[in-house]
Amino acid sequence: MHYRPTRARINLPAILHNYRQASHLAPKARQVAVIKADAYGHGAVEVAKYLAPHVPAFAVAFIDEALLLRSAGIQKPVLILEGVNSAEELKLAQQSDFWPMLHSANQVEGLLKSDGLDDLQCWLKVDTGMHRLGLNPVEAQSWADKLGRKLNKKPVLASHFSCAEEFHSETNKHQMQQLFALAAHLDCQVSLANSAALYTLPGAAVGWNRPGIMLYGCSPIPGKTAAEMGLQVAMQVTSQIIALRDIEAGETVGYNGRWQASQKSRIATLAIGYADGYPRLTNSSSQVYLHGERAQVVGTVSMDMLAVDVSHLPQAAIGDEVEIWGQHIPVTEVAGHANTIGYELLTRINQRMPRIYQHD
Ligand SMILES: *Cc1c(COP(=O)(O)O)cnc(C)c1O
């Protein structure tokens, strides 16, 4: 039971719709559903349970996230995007049907030294330009050969785009061509596209794709709305008005009086603040949605509360529900006002925010 009227409603059918949209964009490929960071704040176990009948595999960042899925009874293979580091983790991976994406000579050597891993399906991360993780294409070729001799299954060769949200990017094309050349030479399957690349570089969306953010109904392309991309918003964060007051022109709201009323104004206080994941360092244009209209966030966001100017909404009353982000206020918009991206706001949703799941 949660008495505080602040929650995140998670629309599971919307996530399935978005997954199908990814499949629709790349009908010949397979899509691994990326649910790292607690499914971008949507709840990895709930999301995985709902998607499991429809997806070939899930992806998470590290093995602890994968083990959490297993302890919740999820049985689909789980791709581990940052690979595994110890002999113990390798053994667990083999036993649990995890697919480690090995990204360094250290990780590959660890595997080559271990016994009893013949059936492990491993992936090999190739650095084609992101320069974060991965072996360069020359190294990757020799390690892939060795892995091919040791294991029953060839590694899937994977790479990650550094500019995926850009259309007509020469960098993306160059990265793609490097991976394709290596894969053709080694006769391996490939994995390149994240959400954005499914739209910007359809040629890369072959083999195994790795859509993440789009599953949650967040547009992966700056300047394009989720609806334009055929996506349904999966998270709606709402709170309520817990206090209302009228203030005079010249009076200020919140800490340090950062906002001053230029005219007589009605101020509503909402039960959500930066400890719930709402960005404190937001500029003065950030908005919420109530009574079919937008209202301006005013003053500094507090830990547990924020204030909005509802002078144009005479019907506003204590107890009214307010959308913080969701269908009407895209999370990417709130993020933009805080100089960040939707990914960050979604993944910062924490235990304090009850999640309510809609299954149909
Ligand atoms: C997180 C991640 C993805 C998913 O990216 P989105 O932009 O959320 O679609 C894909 N691949 C790798 C390697 C990742 O780390």
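Both ligands and their constituent atoms are indexed starting at 1 by order of listing. Since we're looking at a predicted model, the values are computed, not measured. Reckoned from all heavy atoms, side chains included, excluding hydrogens, waters and symmetry mates.
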ask   = Hey, is M101 touching ligand 1 through its side chain, its backbone, both or neither, going by heavy atoms under 4.0 Å?
value = neither
key: Donor + acceptor pair across side chains of Q178, H174 (<3.5 Å)   = yes
key: ligand 1 to G212 polar contact by distance, N or O atoms, under 3.5 Å   = yes
key: Heavy atom of the protein closest to atom 7 (O) of ligand 1 (residue, atom name, distance)   = Y343 OH, 2.6 Å
query = Can you get from V253 to L290 by hopping between Ile, Leu, Val, Met, Phe, Trp and Tyr side chains that sit under 4.5 Å apart?
reply = no
query = Which bit of I213 gets closer than 4.0 Å to ligand 1, counting heavy atoms only: side chain, backbone, both or neither?
reply = both
Protein heavy atom at shortest distance from atom 15 (O) of ligand 1 = K36 NZ, 2.7 Å
message = Among M214, K224, E165, exactly one meets side chain to side chain contact (heavy atoms under 4.5 Å, CB included) together with S219. Which residue is that?
response = K224
ask   = Side chain or backbone of R210 under 4.0 Å from ligand 1, or both, or neither, by non-hydrogen atoms?
value = both
task = Could you tell me whether the side chains of Q189 and R30 share a donor-acceptor contact shorter than 3.5 Å?
result = yes
message = Could you tell me if Q240 and D320 have a donor-acceptor pair between their side chains, going purely by distance under 3.5 Å?
response = no
key: Shortest protein contact, atom 9 (O) of ligand 1 (heavy atom only)   = S195 OG, 2.5 Å
query = Which residue and non-hydrogen atom of the protein lie closest to atom 5 (O) of ligand 1, and at what distance in Å?
reply = N194 CB, 3.5 Å
ask   = Considering only heavy atoms of Y40, which atoms of ligand 1 have at least one such atom less than 4.0 Å away?
value = 1 (C), 4 (C), 5 (O), 6 (P), 8 (O)
inquiry  = For a quick check under 3.5 Å, do Q287 and Q296 share a side-chain donor-acceptor pair by atom type?
reply    = yes
query = Within a reach of under 6.0 Å around CG of N339, are more than 12 heavy atoms found that belong to other residues, nucleotides or ligands?
reply = no
query = Who's closest to atom 13 (C) of ligand 1 heavy-atom-wise, of H160, M130, H103?
reply = H160
